[in-house]
Amino acid sequence: MAKRALITGITGQDGSYLAEHLLSLGYQVWGLTRGQANPHKMRVQKLASELSFVDGDLMDQGSLVSAVDRVQPDEVYNLGAISFVAMSWQQAELVTEVNAVGVLRMLEAIRMVSGLTTSRQAADGQIRFYQASSSEMFGKVTESPQNEQTVLHPRSPYGVSKAYGHLMTRNYRESYGMFGVSGILFNHESPRRGPEFVTRKISLAVAQIKLGLQKELRLGNLDAVRDWGFAGDYVRAMRLMLAQDEPVDHVVGTGRVHSVRDAVRIAFECVGLNWEDHVVVDPALVRPAEVELLCADSTRARENLGWEPSIDFPELMQMMVESDLRRAGRERDYAEVLSAGSW
Ligand code: NAP
Ligand code: GDD
């Protein structure tokens, strides 16, 4: 019988790639969507037409119990979050409600629907749970590269909220015997990445500048270093973690690092431009407490899951720039047609 998966965060970058991946493996997939007319829902439906939807919100315990009860999933992937780190200083309480307490609510929904108590522990056939943990939890790193044992020192309300979800998932594993795991994923990007994140902000600007539609790109800290990979590769690791015999947390990243300055240079080179002619450093975009360096030690994921990334960083930036060039070109042509009055 086909496995049933419930994905929160279905309308986000990872939700769409994971849905496509699970559907390609023969899963029946439900995406949790919130709001009465979520504008992102149609976008993901276009990508994965066999996808079903169920209403719910990580802020609303009852809605999660109803969603889990209705779908009766074999696997729950909790990808829903407010994921933009910079925003977490402005709305720390909301970020905590969604990213931290939201995890607890989903764990509780699974516990209630499965009838688990401290003395009635989960057995075979239980619902398996994946939590989207983040390398942002390592924050002010104490060692490099970072692995599953590295001490957590989050530097943002977002990082703190993710540390709570991470530890609570472990606690439900230990308290109720739940098959709950966290994937500690390092930054991963794609043409579907939100425009607020630095790689997509860069690829969008490069396309606009190349087409003469924009002049400059304003950025914050160019010295920050990240381990960037392709989102399509990372969702494979999520499923593999739930397919193991034992629930074990895994770090997922490429082990290769680049600075924001490298990212800008590579992206502008894709269209034959010099980044220094266009980039302006804006101190207002520098964060109150920066994470300077993240680099993954994914030895466990490679050994246990057989996971490997398939795309390197320059290829990823090229993919994103080309996609945004096509999009910007279409939009410009459309605008020209409209202004020529030929419609
Ligand atoms: P994303 O594109 O920002 O998507 C976030 C998703 O969360 C959206 O579908 C959004 O739905 C949903 N969401 C927000 N508030 C919600 C709520 N109250 N209830 C239910 N859903 C809600 O993020 P992503 O890049 O796909 O990342 C997926 C997950 O992995 C996140 O938890 C993120 O923190 C984590 N993560 C990401 C990375 C990365 O580099 N991408 C690395 C490590 C960890 P709406 O359409 O309703 O807003
Ligand atoms: N967004 C943004 N915009 N970042 C900038 C800018 C800018 O104009 N200028 C410099 N940066 C720097 C940030 O200060 C940060 O050091 C780095 O670029 C990456 O920023 P983001 O792309 O916003 O990602 P992030 O590392 O803060 O967080 C992402 O990765 C985490 C995993 O490590 C998000 O996807 C998180 O949800 C995820 O958990």
Side-chain angles (χ1 to χ4, degrees), residues 7-18 31-35 38-41 43-44 55-60 63-64 67 77-88 94-95 97-99 101-103 105-106 130-139 146 154-156 158-159 161-162 165-166 182-190 192-202 205 217-231 234-235 238 251-253 258-261 263-264 279-296:
I7 303 175
T8 74
I10 191 70
T11 54
Q13 170 189 257
D14 291 7
S16 69
Y17 281 107
L18 179 63
L32 185 95
T33 49
R34 67 188 175 124
N38 189 321
H40 305 142
K41 189 170 161 182
R43 201 174 52 194
V44 67
D55 292 329
D57 195 309
L58 287 165
M59 302 278 283
D60 180 340
S63 75
L64 300 181
Y77 294 87
N78 186 38
L79 312 185
I82 295 176
S83 73
F84 186 36
V85 172
M87 186 180 153
S88 71
L94 179 65
V95 165
E97 275 293 336
V98 177
N99 299 7
V101 188
V103 182
R105 292 190 188 106
M106 184 51 97
Y130 173 87
Q131 169 56 20
S133 288
S134 165
S135 52
E136 184 72 14
M137 300 186 304
F138 296 128
Q146 299 85 49
R155 297 270 282 169
S156 59
Y158 170 86
S161 73
K162 282 288 173 181
H166 183 73
S182 294
I184 308 172
L185 270 50
F186 283 60
N187 300 49
H188 45 279
E189 321 291 312
S190 74
R192 299 181 196 168
R193 186 62 145 148
E196 63 275 42
F197 300 96
V198 78
T199 55
R200 186 76 196 289
K201 184 173 174 183
I202 295 169
L217 165 60
R218 301 184 82 79
L219 291 172
N221 179 12
L222 301 184
D223 296 321
V225 172
R226 290 290 183 277
D227 178 336
W228 278 294
F230 171 52
Y234 288 48
V235 300
M238 297 176 187
V251 157
V252 179
H258 293 86
S259 64
V260 174
R261 185 178 282 98
V264 175
V279 172
V280 176
V281 172
D282 182 347
L285 294 170
V286 175
R287 297 178 179 176
E290 178 64 289
V291 172
E292 297 294 346
L293 163 78
L294 293 173
C295 177

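This structure is a prediction, so every number in the text was calculated from the model and none was measured. Remember, it's 1-based here, ligands and their atoms both numbered in the order they're listed.
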Completion exercise
Note: Y158, heavy atoms under 4.0 Å from ligand 1, region reported as side chain
Practice task
Considering heavy atoms of the protein only, find what lies nearest to atom 36 (C) of ligand 2 and give residue, atom and distance to 0.1 Å.
Solution key: S83 O, 3.3 Å
Practice task
For S16 and ligand 1, answer yes if some heavy atom of the residue is under 4.0 Å from a ligand atom, otherwise no.
Solution key: no
Handout entry: Where ligand 2 meets R193 - atom numbers and elements under 4.0 angstrom, heavy-atom basis
Key = 29 (C), 34 (C), 35 (O)
Practice task
Examine the proximity of ligand 2 to R155 and report which part, side chain or backbone, both or neither, has a heavy atom under 4.0 Å away.
Solution key: neither
Practice task
Report the nearest protein non-hydrogen atom to atom 28 (O) of ligand 2: residue, atom name, distance rounded to 0.1 Å.
Solution key: V85 CG2, 3.6 Å
Exercise for the section: Flag the pair N187 / L294 as yes when at least one side-chain heavy-atom distance between them is below 4.5 Å, and no otherwise. Expected result: yes
Practice task
Among all protein heavy atoms, pick the one closest to atom 44 (C) of ligand 1 and tell me residue, atom and distance.
Solution key: S133 O, 3.4 Å
Problem - atom 11 (N) of ligand 2 [closest protein heavy-atom partner, distance rounded to 0.1 Å] - result: V198 CG2, 3.9 Å
Fill in the blank from the handout: Short version for N38: what comes under 4.0 Å of ligand 1, heavy atoms counted, is side chain
Completion exercise
The answer for which part of V98 has a heavy atom under 4.0 Å from ligand 1 is side chain
Completion exercise
If you scan protein heavy atoms around atom 14 (O) of ligand 2, the nearest is E290 OE2, 2.6 Å
Exercise for the section: Ignoring hydrogens and angles, state whether a donor on the side chain of H258 or D227 is under 3.5 Å from an acceptor on the partner side chain. Expected result: no
Exercise for the section: Take every heavy atom of E136, measure it against each atom of ligand 1, and state whether any distance is under 4.0 Å. Expected result: no
Practice task
Find out whether M87 and I82 are in side-chain contact, i.e. whether some heavy atom of one side chain is under 4.5 Å from a heavy atom of the other.
Solution key: yes
Exercise for the section: Among all protein heavy atoms, pick the one closest to atom 40 (O) of ligand 1 and tell me residue, atom and distance. Expected result: H188 N, 2.9 Å
Exercise for the section: Distance to 0.1 Å, residue and atom name: give those for the protein heavy atom nearest to atom 29 (C) of ligand 1. Expected result: L79 O, 3.1 Å
Exercise for the section: Just do the side chain to side chain contact (heavy atoms under 4.5 Å, CB included) check on V198 and R226 with the steps written out, would you? Expected result: CA-CA 11 Å; V198 78; R226 290 290 183 277; over 6 Å; no
Practice task
For the pair Y77 and Y130, name the ring-plane relationship: parallel under 30°, tilted 30 to 60°, perpendicular over 60°.
Solution key: tilted
Exercise for the section: Return yes or no for this condition: an N or O of E189 is under 3.5 Å from an N or O of ligand 1. Expected result: no
Problem - Candidate pair R105 and E97, rule salt bridge (charged side-chain N to carboxylate O under 4.0 Å, His left out), full reasoning - result: CA-CA 10 Å; R105 292 190 188 106; E97 275 293 336; 2.4 Å; yes
Exercise for the section: Cation-pi check, R193 to F197: give yes when NZ or CZ is under 6.0 Å from the six-membered ring centre and within 45° of the ring axis, no otherwise. Expected result: yes
Fill in the blank from the handout: If we number the atoms of ligand 2 from 1 as shown, the ones under 4.0 Å from a heavy atom of S135 are 32 (C), 33 (O)
Fill in the blank from the handout: re atom 23 (O) of ligand 2, the protein heavy-atom contact at minimum distance is R287 NH2, 2.8 Å
Problem - Name of the residue among L32, I7, N99, L58 meeting side-chain contact (heavy atoms from CB on, under 4.5 Å) with N78 - result: L58
Completion exercise
Ranked by distance from atom 31 (C) of ligand 2, the top protein heavy atom is S134 OG, 3.8 Å
Practice task
Going by heavy-atom distance to atom 12 (C) of ligand 1, choose the closest among A81, S135, G12.
Solution key: A81
Problem - Interfacing atoms of ligand 2 (cut-off 4.0 Å, heavy-atom, R226) - result: 15 (C), 16 (O), 26 (O)
Handout entry: Taking atom 3 (O) of ligand 1 as the reference point, the nearest protein heavy atom with its distance
Key = S83 OG, 2.6 Å
Problem - Side chain proximity check, I184 to V252, heavy atoms < 4.5 angstrom - result: no
Problem - Donor on one side chain, acceptor on other, Q13 and S190, under 3.5 Å - result: yes
Problem - Contact partition for L294 relative to ligand 2, non-hydrogen atoms under 4.0 Å - result: side chain
Practice task
State the atoms of ligand 2, each with its element, that fall below the 4.0 Å cut-off from a heavy-atom position in G220.
Solution key: 6 (C), 8 (O), 9 (N), 10 (C)
Practice task
Would you check whether W228 has a nitrogen or oxygen atom less than 3.5 angstrom from a nitrogen or oxygen atom of ligand 2?
Solution key: no
Completion exercise
Short version for L219: what comes under 4.0 Å of ligand 2, heavy atoms counted, is both
Practice task
Provide the number and element of each atom of ligand 2 under 4.0 Å from a heavy atom of E136.
Solution key: 33 (O)
Handout entry: Polar proximity ligand 2 side, K201 side, N/O cut 3.5 Å exclusive
Key = yes
Problem - Element-labelled atoms of ligand 1 that are located less than 4.0 Å from some non-hydrogen atom of G80 - result: 7 (O), 12 (C)
Practice task
Taking only heavy atoms of L185 into account, list the atoms of ligand 1 that are under 4.0 Å away from them.
Solution key: 42 (C), 43 (C)
Problem - Protein contact to atom 30 (O) of ligand 2 [nearest heavy atom, distance to 0.1 Å] - result: N187 ND2, 3.1 Å
Handout entry: Contact check, side chains of V44 and H40, non-hydrogen atoms, under 4.5 Å
Key = no
Exercise for the section: For atom 47 (O) of ligand 1, grab the closest protein heavy atom and report residue, atom and distance to one decimal in Å. Expected result: R34 NE, 2.6 Å
Problem - Side chain to side chain, V291 and F138, heavy atoms closer than 4.5 Å - result: no
Exercise for the section: Just go through T11, L18, L58 and tell me whose heavy atom is the nearest to atom 11 (O) of ligand 1. Expected result: T11
Fill in the blank from the handout: Under 4.0 Å between heavy atoms, the region of K162 that gets near ligand 1 turns out to be side chain
Practice task
Could you tell me whether some N/O pair between H40 and ligand 1 is separated by less than 3.5 angstrom?
Solution key: yes
Fill in the blank from the handout: ligand 2 atoms nearer than 4.0 angstrom to some heavy atom of A224 are 16 (O)
Handout entry: Beyond-backbone contact of Q131 with K162, side-chain heavy atoms, under 4.5 angstrom
Key = yes
Handout entry: Atoms of ligand 2 close to V260 [distance to a heavy atom under 4.0 angstrom, numbered from 1]
Key = 12 (C), 18 (O)
Completion exercise
Residue, atom and distance of the protein heavy atom nearest atom 27 (O) of ligand 1 read D14 OD2, 3.7 Å
Problem - Validation row: R287, N221 side chains within 4.5 angstrom (heavy atoms) - result: no
Exercise for the section: Tell me yes or no: between the side chains of E189 and T199, is some donor less than 3.5 Å from an acceptor? Expected result: yes
Completion exercise
atom 2 (O) of ligand 1 has as its nearest protein heavy atom Q13 N, 3.0 Å
Exercise for the section: Considering heavy atoms of the protein only, find what lies nearest to atom 6 (C) of ligand 1 and give residue, atom and distance to 0.1 Å. Expected result: G9 CA, 3.6 Å
Practice task
With salt bridge (charged side-chain N to carboxylate O under 4.0 Å, His left out) as the test, would you mind laying out the steps for D55 and R34 before giving the verdict?
Solution key: CA-CA 6 Å; D55 292 329; R34 67 188 175 124; over 6 Å; no
Handout entry: Residue and atom name of the nearest protein heavy atom (relative to atom 1 (N) of ligand 2), distance in Å to one decimal
Key = E196 O, 2.9 Å
Handout entry: Test: R192 cationic atom under 6.0 Å from Y17 six-membered ring centre, within 45° of axis
Key = yes
Problem - Flag, side chain of S134 to backbone of E136, donor-acceptor distance under 3.5 Å - result: yes
Exercise for the section: Please determine if R193 has a nitrogen or oxygen closer than 3.5 Å to a nitrogen or oxygen of ligand 1. Expected result: yes
Problem - Location of contacts on K162 toward ligand 2, heavy atoms closer than 4.0 Å - result: neither
